[in-house]
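It should be emphasised that the depicted structure is a prediction, and the values quoted were computed from it without experimental measurement. Below, read A as the first sequence line, B as the second, and so on, with proteins coming before strands; counting in each chain starts at 1.
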Amino acid sequence: MQEEYNTRAIQDKWLPVWDDLKPFDSSKKDDTRPTKYVLDMFPYPSGDLHMGHAEAYALGDVIARYWSQRGYNVMHPIGWDAFGLPAENAAIKRGLDPKAWTYENIAQQKASMRRYACSFDWDRVLETCNPSYYQWNQWLFLEFYKRGLAYRKNSNVNWCPSCQTVLANEQVVQGLCERCDSSVTKKSLTQWYFKVTDYADRLLDDLDGLEGKWPSKVLSMQRNWIGRSQGANIDFAIEGMDKSVSVFTTRPDTLYGATFMVLAADSELAQELAASAPDVTRAEFEKYLDEVKKANDIERLATDRKKTGIFLGHYAVNPINDERLPIWVSDYVLADYGTGAIMAVPAHDDRDIEFAKAMDLEIKMVVDTGEADPAETGIATSGDGVIVNSGPLDGLNKTDAIARAIEIVEEKGTGKGAKNFRLRDWLISRQRYWGTPIPIIHCEKCGEVPVPSDQLPVELPDSKGLDLQPKGTSPLGAASEWLNVSCPSCSGPAKRDSDTMDTFVDSSWYFLRFLNPNSDEVPFSQEEAKKWAPVDQYVGGVTHAILHLLYARFFTKVLHDIGMVDFEEPFTRLLNQGMVLMNGSAMSKSRGNLVRLSDQLDIHGVDAIRLTMAFAGPPEDDIDWADVSPAASAKFLARAWRIAQDVKSNPGIDVTAGDAGVRKSTHQFLKGFQEAIETHKFNVGVAKAMELTNHLRKAIDQGPGPSDPAVREGAEELAKALSLFAPYASEDMWHLLGHEASVALAGFRDADPALLTESTVMAIVQVNGKLRDKFEVDVSITEDQLRALAMASVQVQKTLQGLEISNVIIRAPKLVNIATK
RNA sequence: GCCCCGAUAGCCCAAUGGCAGAGGCAGACGACUUAAAAUCGUCACAGUGUGGGUUCGAGUCCCACUCGGGGCACCA
């Protein structure tokens with residue numbers, strides 16, 4: 001009896017079957033298959049899954065299911081990045097408990113993932129807000145602390161006045177808080193840091209090894225972010241003081257062209273020099289500093305901003321030629337980059353010449369680039385050239401002059417070659433409730449005391465009775481029972497550190513926790529790590545190109561140095577899927593273009609949505625939901641499903657007796673499909689499945705008919721291939737074809753090479769690259785035979801009339817190109 | 001300002017330097033039907049953003065530009 005393809009019915013039919021079968025269990029003891037670790041970036045539980053999740057998990061699932069079909073034991077776990085501000089803000093807004101809110105969302109997302117038929121191993125699950133997870137954040141923090149990689153310092157930090165918390169450099173985007181878009185200000189606070197800068201060189205250099213495996217975009221973003229500059233640190237003695245101005249410069253070759261010094265207005269040295277300046281100068285300085293502090297980043301970054309500054313009345317001495325250089329302060333020099341001071345070479349630096357012009361300072365050319373003298377034109381020349389007016393450096397090119405200048409200052413003991421990074425240490429403490437408590441106790445007598453490991457975890461106290469409103473200090477400071485403890489060292493009165501960790505700490509190592517998510521003995525098993533890690537394929541959004549990926553790379557390198565893992569990069573391959581847009585822009589409630597995933601699933605079914613995500617285009621491109629047709633995906637699945645229903649032969653029939661043409665289609669498909677999936681051209685893979693479906697339809701209706709064994713072979717391979725995109729439809733097809741569940745474990749076969757070779761091929765004849773004739777020839781045709789055939793062609797003869805042949809290119813058996821003079 | 005990515009049919013997208021079209025959407029026509037939907041089938045539509053170059057041959061490689069998207073940016 002012919003039945004209709006019924007999306008809902010087959011979803012309801014197969015879900016419970018899979019629950020029993022657990023096709024994606026990766027923990028079987030006797031499993032001898034080779035391993036693959038495929039990981040999707042774990043979600044933040046801020047509501048139900050949305051279209052973006054649907055895309056990411058559809059694509060990650062294609063990869064996981066593909067390797068599973070290829071005979072690998074695939075670990076494909078999932079968890080929740082469950083700490084963070086949204087839970088806390090929701091709690092404040094609606095008077096809920098952050099924990100209850102979070103776990104409700106997790107339950108909802110988990111149910112949606114199950115319905116979405118993600119091939120997750122449900123025995124490997126974690127939530128970062130669970131003490132069994134975050135105890136290891138604390139344990140790792142203390143390991144870092146032991147090694148000097150976690151430390152506290154006072155500094156001018158990024159402060160979000162709206163979130164009432166500090167932010168890491170990476171969380172400030174264009175001067176705004178990445179979470180709430182408030183203008184970020186500076187505040188002097190004592191905070192905890194991880195010493196990422198110790199790893200700056202390795203984090204940069206090791207990106208080379210990821211070339212071709214990570215998107216080049218991400219590699220370049222990380223390189224930009226780390227921002228290494230080569231140059232020198234040079235000391236300029238301050239006249240009349242036992243002090244010097246130390247500067248970092250990438251252009252020591254222009255040392256003779258320095259005509260003044262500039263200090264960051266908010267640097268300590270500027271304060272000191274102002275203190276010893278005349279009263280008038282000091283007052284001017286204080287006024288200027290006030291203005292600088294008031295200016296926010298947006299104003300400060302404006303490129304057409306006029307140069308301002310104050311002369312401090314002091315002079316520094318150029319170590320290379322003993323010239324006197326006036327010392328200025330200005331806001332165009334940043335306190336927290338390099339040494340917070342520069343030597344200004346206005347002739348060869350755009351910013352310095354602007355300042356020199358504004359303050360009427362000397363401009364001295366020391367590099368002849370062939371352009372006009374900057375002192376005349378007021379335009380700095382920053383290109384390469386010949387060094388002039390520079391004593392021992394005269395006549396050298398830039399590279400040699402840099403090397404020579406460094407030698408000279410090193411000989412004099414007033415400087416040395418150096419490199420500098422844009423990257424800063426990672427500020428990890430947050431003045432909020434919903435995060436991992438920092439496992440440090442502050443004792444009046446003993447100072448900072450680590451919580452002994454047998455006292456971990458330091459559990460978060462219940463939120464009940466705590467005021468979670470942002471107020472600039474941690475809500476935990478008010479949990480007095482929790483806060484007040486006796487010092488582990490001297491037993492005297494002491495207080496816990498009341499800050500919590502940045503949630504990026506949680507996600508920096510979670511991929512290792514999946515190896516043994518429930519262990520209370522170790523953060524992760526080193527034996528399991530040897531078996532599975534690093535992650536073979538990581539899938540997630542490009543939004544994490546800098547933050548999360550940099551931090552995870554940093555953690556991995558530290559864990560390597562501690563001896564806990566034997567690799568230095570966490571994610572061997574990375575796929576960044578694009579975003580799902582609607583009518584050209586990101587979906588949002590306020591824009592009114594929100595497409596609800598649950599609605600789409602109700603209307604079109606899970607399979608159609610997953611297939612649409614894979615078919616829309618290259619995975620890294622954005623999908624505009626207005627451009628795609630889930631209804632068409634559903635239609636195709638019905639068409640494929642009917643193929644399986646129409647097959648009349650029995651399972652296990654000898655397919656070699658089948659129609660040769662149909663077999664050829666199937667095996668060409670096998671080859672093309674696997675190539676497409678392995679190169680992540682999922683859209684092409686789907687197109688090939690559609691092509692096979694069209695061939696099989698024709699074979700059934702107008703060819704050898706539904707009983708031909710080759711039709712069965714094609715239908716079975718089609719079902720297996722579709723299992724990557726459409727788990728429900730393909731499982732039902734498999735069932736219609738007389739097989740037991742699950743099609744997901746049926747296993748792909750390789751194409752039979754014998755069926756791929758053609759005996760004849762279409763040869764084309766070009767004249768000057770333009771097609772003139774084509775004919776079918778035997779694949780074994782010789783060049784001479786092909787030439788003769790081409791020359792004999794009437795079309796070719798006609799074209800060649802009156803022309804003289806200069807060259808004949810022959811690529812037997814497919815092509816002849818006749819070039820004329 | 002510096003760096004990266006992209007531009008192929010009305011639309012989304014394919015195409016190891018070798019016939020511009022694999023697949024889909026939308027469209028036209030036909031078969032089936034009393035009719036419609038569904039289904040099955042057939043067909044049409046671009047010379048690859050612009051201008052140069054390399055090559056026997058360029059959508060593909062190189063150079064310049066235009067447009068779109070993204071990253072970094074008073075970083076010394």
Side-chain angles (χ1 to χ4, degrees), chain A residues 4-5 173-174 215-229 231-232 247-251 254 262 264 300-305 307 330-334 336-345 348-352 354-355 382 420-423 542 545-546 578 584 611-612 615-618 620-624 626-633 635-636 638-639 642 672 675-676 681 683-694 697-698 700-702 762-774 805-811 814-820:
Chain A
E4 291 293 309
Y5 168 73
V173 180
Q174 302 280 301
S216 52
K217 185 181 168 183
V218 175
L219 296 178
S220 95
M221 284 167 78
Q222 293 229 346
R223 288 190 179 111
N224 267 336
W225 188 264
I226 296 167
R228 181 166 58 197
S229 309
V247 305
F248 173 74
T249 176
T250 56
R251 296 294 302 275
T254 62
V262 187
R300 208 177 52 74
L301 291 177
T303 44
D304 53 356
R305 187 172 162 82
K307 291 282 183 287
S330 175
D331 64 350
Y332 86 92
V333 172
L334 308 177
D336 56 358
Y337 184 78
T339 59
I342 62 160
M343 65 176 208
V345 184
H348 306 294
D349 183 281
D350 289 334
R351 298 148 302 181
D352 294 346
E354 290 306 317
F355 192 82
S382 53
N420 202 23
F421 295 91
R422 217 190 69 95
L423 182 74
V542 74
I546 297 174
L611 188 74
T612 301
F615 185 51
E620 53 278 355
D621 287 6
D622 289 345
I623 298 173
D624 194 325
D627 289 338
V628 297
S629 173
S633 299
K635 198 172 105 179
F636 161 68
R639 189 170 154 86
R642 281 193 299 272
E675 276 174 10
K681 294 176 182 172
N683 53 328
V684 177
V686 174
K688 293 201 183 295
M690 289 173 167
E691 197 180 2
L692 177 64
T693 305
N694 293 343
R697 183 78 263 153
K698 202 165 249 178
I700 291 168
D701 293 346
Q702 301 162 37
M762 192 63 72
I764 61 169
V765 185
Q766 300 172 333
V767 176
N768 293 323
K770 293 213 168 59
L771 178 70
R772 292 304 173 197
D773 201 1
K774 52 172 133 181
I805 296 173
S806 62
N807 195 7
V808 181
I809 313 293
I810 302 177
R811 296 279 179 275
K814 285 174 84 174
L815 176 122
V816 178
N817 188 20
I818 303 164
T820 64

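Annotated as syn: B/G47, whose O4'-C1'-N torsion sits within 90° of 0.
Across all strands shown, A/Pro215 has no heavy atoms under 4.0 Å from either base or sugar-phosphate atoms. Among the atoms of the strands shown, only primed sugar atoms or phosphate atoms (P, OP1, OP2) are found under 4.0 Å from some heavy atom of A/Lys681. Within the nucleic acid shown, A/Ala687 comes within 4.0 Å of at least one base atom, counting heavy atoms only. Nucleic acid contact for A/Phe636: none, since no nucleic acid atom lies under 4.0 Å from a heavy atom of the residue. Contact annotation for A/Lys635: backbone-only contact, meaning every heavy-atom pair under 4.0 Å involves sugar-phosphate atoms and none involves a base.
Mapped onto RNA chain B by nearest heavy atom, A/Met690 and A/Val684 fall at different nucleotides, with A/Val684 at the one closer to the 5' end. Nucleotides of RNA chain B nearest to A/Tyr337 and A/Gly617 differ in position, and the one nearer the 5' end is that of A/Gly617.
For the pair A/Val628 and A/Ala616, the tightest heavy-atom approach, listed with the atom from each and the gap, is CG1-CB, 3.7 Å.
Rounded to whole Å, the distance from CZ on A/Arg642 to C1' on B/G41 is 14 Å. Atom CG in A/Asp621 sits about 10 Å away from atom C1' in B/C5, given to the nearest Å. The interatomic distance linking A/Leu334 (CG) with B/A76 (C1') rounds to 9 Å, in whole Å. Spacing between atom CG of A/Asp627 and atom P of B/C11 amounts to 10 Å, rounded to whole angstrom units. Here the P atom of nucleotide B/C74 and the CZ atom of A/Phe355 are 17 Å apart, to the nearest Å. Regarding A/Asn224, its CG atom lies at a distance of 7 Å from the P atom of B/C72, rounded to whole Å. Per the geometry, CZ belonging to A/Phe248 stands 8 Å off C1' belonging to B/A76, to the nearest Å. Summarising the geometry, the separation between CG on A/Asn420 and P on B/A76 is reported as 8 Å, rounded to the nearest angstrom.
As the counterpart of B/U54, no nucleotide is assigned, since no Watson-Crick or G-U wobble pattern has both distances under 3.5 Å. Pairing for B/U39 is with B/A31, a Watson-Crick or G-U wobble pair whose two hydrogen-bonding atom distances lie under 3.5 Å. As the counterpart of B/C2, B/G71 is assigned, both hydrogen-bonding distances of the Watson-Crick or G-U wobble pattern falling under 3.5 Å. With a 3.5 Å ceiling on both atom-pair distances, B/A22 lacks any Watson-Crick or G-U wobble partner. The nucleotide B/U8 finds no pairing partner, because no Watson-Crick or G-U wobble arrangement with both distances shorter than 3.5 Å includes it.
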Run the side-chain contact (heavy atoms from CB on, under 4.5 Å) check on A/Val816 and A/Val808 step by step: do they pass? CA-CA 7 Å; A/Val816 178; A/Val808 181; 3.9 Å; yes

Residue pair A/Lys217, A/Val542: steps toward the side-chain contact (heavy atoms from CB on, under 4.5 Å) verdict: CA-CA 9 Å; A/Lys217 185 181 168 183; A/Val542 74; 4.2 Å; yes

Between A/Glu354 and A/Asp352, is the side-chain contact (heavy atoms from CB on, under 4.5 Å) condition met? List the steps. CA-CA 5 Å; A/Glu354 290 306 317; A/Asp352 294 346; over 6 Å; no

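Residue A/Arg639 places at least one side-chain N or O closer than 4.0 Å to OP1 or OP2 of B/G41. Phosphate contact (OP1/OP2 of B/A76, side-chain N/O of A/Ser229, threshold under 4.0 Å): present. Under 4.0 angstrom from either OP1 or OP2 of B/A14 there lies at least one side-chain N or O belonging to A/Asn683. At B/G24, one or more side-chain N or O atoms of A/Asn694 fall inside 4.0 Å of OP1 or OP2 (strictly under the cut-off). At the phosphate of B/U42, OP1 or OP2 sits under 4.0 Å from a side-chain N or O atom of A/Lys698.
To the nearest whole angstrom, the two C1' atoms, one in B/G51 and one in B/U66, are 11 Å apart. Comparing the P positions of B/U60 and B/G68 gives a spacing of 22 Å, expressed to the nearest Å. When the C1' atom is used for both B/A58 and B/U48, the distance is 11 Å, rounded to whole Å. Between the P atoms of B/C63 and B/A28, the separation comes to 46 Å (whole Å). For the P atom pair drawn from B/A38 and B/C25, the interatomic distance equals 12 Å after rounding to whole Å. Across the C1' atoms, B/G17 and B/G23 are found 24 Å apart, a figure rounded to whole Å. The separation of B/C32 from B/G41, taken at their C1' atoms, amounts to 11 Å, rounded to a whole angstrom. The separation of B/A9 from B/C4, taken at their P atoms, amounts to 27 Å, rounded to a whole angstrom.
Residue A/Lys774 places its side chain closer to B/C19 than to any other of B/C40, B/C13, B/C19. Checking B/C56, B/C13, B/C5 against every side-chain atom of A/Asn807, the shortest atom distance belongs to B/C56. Listed candidates were B/C11, B/G71, B/A76. Nearest to the side chain of A/Ile546 is B/G71. Comparing B/U42, B/C40, B/G24 against the side chain of A/Asp701 picks out B/C40 as the nearest. Of all nucleotides listed (B/A22, B/C72, B/C56), B/C56 comes nearest to the side chain of A/Asn817. In this structure, the nucleotide among B/C4, B/A76, B/G18 sitting nearest to the side chain of A/Ile809 is B/G18. Nearest nucleotide to the A/Glu691 side chain, out of B/G23, B/A76, B/C19: B/G23. Candidate nucleotides B/G71, B/A76, B/A15 were compared by shortest atom distance to the side chain of A/Val333, and B/A76 ranks first. For A/Arg811, counting side-chain heavy atoms from C-beta on, the closest listed nucleotide (B/G18, B/G24, B/A76) is B/G18. In this structure, of B/C13, B/G18, B/C74, it is B/G18 that holds the atom nearest to the side chain of A/Ile764.
Side-chain contact check for A/Tyr337 versus A/Ser229: some heavy-atom pair is nearer than 4.5 Å. Using a 4.5 Å heavy-atom threshold, the side chains of A/Lys307 and A/Asp331 count as separate.
In the interface, the side chain of A/Gln702 is not paired with the base of B/G41 through any donor and acceptor atom under 3.5 Å apart.
A donor-acceptor contact shorter than 3.5 Å is absent between the side chain of A/Asp773 and the backbone of A/Val765.
Checking A/Arg639 against A/Asn694 by side-chain atom types alone, a donor-acceptor pair falls below 3.5 Å. In this model, no donor atom of one side chain and acceptor atom of the other lie less than 3.5 Å apart for A/Asp349 and A/Ser382.
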